[in-house]
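Bear in mind that the values here come from a model prediction, so they are computed numbers and not experimental data. Protein chains get the first letters and strands the later ones, always in sequence-line order, with residue 1 at the start of each.
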Number of protein chains: 2
Amino acid sequence: MMKIDQQAILKAATEILNTKGIAALSMRAIAANLDVKAASLYFHIKNKNDLFEQISEGISQRVFEKLNRVDEPDLQRLMDVFRAELKRIQDSPQIFSNTAPFTPYRTRLIQFSLDHLQQLGVPQQFTATAGNLLNNYVLSFVSDEQYFSRVDSSTFDESQFKSPINMADPDDSFQYGLNLIFAGIRVQSKNG
Amino acid sequence: MMKIDQQAILKAATEILNTKGIAALSMRAIAANLDVKAASLYFHIKNKNDLFEQISEGISQRVFEKLNRVDEPDLQRLMDVFRAELKRIQDSPQIFSNTAPFTPYRTRLIQFSLDHLQQLGVPQQFTATAGNLLNNYVLSFVSDEQYFSRVDSSTFDESQFKSPINMADPDDSFQYGLNLIFAGIRVQSKNG
DNA sequence: ACCTGAACACCGTTCAAGT
DNA sequence: ACCTGAACACCGTTCAAGT
């Protein structure tokens, strides 16, 4: 009998996400993973939404800590670290989409974005829009990455390898979109 | 007894979405709306995912048709029309996110984006990235719009009106983000 | 303090049976 | 051809009851 606590529940949930995806993440599945009954989980967590918030908040905390392991962290580093941490948990972008962005570390990351955008010259009334654009970019990008890595491996199609279209490397693609956004921010700020 | 067909099911589903949102959109709720039992729906549609695809495909078709009601449609018009049609159905962005983008009209819209991006000088290997960026921007933007319009009306807070922070008009915000992306595309293309 | 059995109010989907 | 009753295999959540 392991000790069941929030940590253990979080770990079991992450394990299910990374092996079977969010569609298989039921309270009953988490409980089974911990050799316990579903009802027991509610002694440790409020509900499933609370669990989702803990997952997204945990990711946000790790992003925040890695972010500040460098002298002068900027938006480029935020996005790189954010993407890397999202990729560590299958379907994490969906979890972010399904939770309100008001937990402590997640709020810190938003504040970091807004501060840096303002510093880059984004007009105050549009920092939220630009911040959402960045946030949604990384969430959507990782969501697409994880989606296609599932589709590609399930519907294995040899013709894809003969295809003359050379798909860009995911890292390059991510950076292309980021550069595009950063360039756009610079232009908008000059003209503002 | 109304005649129950795909059209009627689609209409009932849309009605539920616009009154109660996607969380209330169950097969049983759709059936009840049509004075029929849930099992009957499966005589007309394959399953719930099929219904989701019909909803997103219907939106895509209307976007495509409105798009071509003008002489030389461009990406600006695509995004404006897309946003307008998404806003007509509550939670439509989530429906797009939960369906594969391989239906006919939806494919046409993607092709339209890719063609125009290439014409703007986006390198071939990055047209998909830029297209996804645009697509995800409008989906995320409308999703946020619909989310906050729900939160604001439920947790009515008078202090928000006294707040000195002037939030930008949604239309202006949307255009700001679009201009940012378009400006970024132009810069990337010059340097490419 | 922590866990469970049992139940409640739901899901999507199938299928033999009805008309 | 079209609809339904009944069932199957699930959900999240609650709560009295157990230890």
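Set against C/dT4, D/dG5, D/dC11, the side chain of A/Lys37 has C/dT4 as its closest nucleotide. With D/dT13, D/dC3, D/dT14 as the choices, the nucleotide that has an atom nearest any side-chain atom of B/Ile4 turns out to be D/dC3. Among D/dG12, D/dT4, C/dA1, the nucleotide with an atom closest to any side-chain atom of A/Phe43 is C/dA1. Proximity note for A/Val36 (side chain, C-beta onward) versus C/dT4, D/dT13, C/dG12: the nearest is C/dT4. In the set D/dT14, C/dC11, D/dA6, C/dC11 carries the atom at the smallest distance from any side-chain atom of B/Ser26.
One can place CG of B/Asn47 at 17 Å from P of C/dC11, the figure rounded to the nearest angstrom.
Within the structure, a side-chain polar atom (N or O) of A/Ser40 is placed less than 4.0 Å from OP1 or OP2 of C/dT4.
Relative to the ring axis of B/Tyr105, B/Arg108 places its NZ or CZ within 45° and under 6.0 Å from the centre.
For CD of A/Gln7, the number of neighbouring non-hydrogen atoms (other residues, nucleotides, ligands) closer than 6.0 Å is 12 at most.
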Worksheet item: Going through the distances and angles, do B/Leu78 and B/Leu109 end up as a side-chain contact (heavy atoms from CB on, under 4.5 Å)?
Response: CA-CA 8 Å; B/Leu78 169 62; B/Leu109 294 181; 4.0 Å; yes
Discussion item. Pair A/Tyr137, A/Phe174 - check ring pair (Phe, Tyr, Trp, His ring centres under 6.0 Å), show working.
Written reply: CA-CA 9 Å; A/Tyr137 175 69; A/Phe174 184 69; 5.4 Å; yes
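A donor-acceptor contact shorter than 3.5 Å is absent between the side chain of A/Thr127 and the backbone of A/Leu114.
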Practice prompt. Dot-bracket notation for DNA chain C is requested: 5' to 3', Watson-Crick or G-U wobble pairs only, both distances under 3.5 Å, with ( ), [ ], | and . as defined.
Written response: ||.|||||...|||||.||
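Looking at A/Gln61 and A/Glu65, their side chains do bring a donor and an acceptor atom within 3.5 Å of each other.
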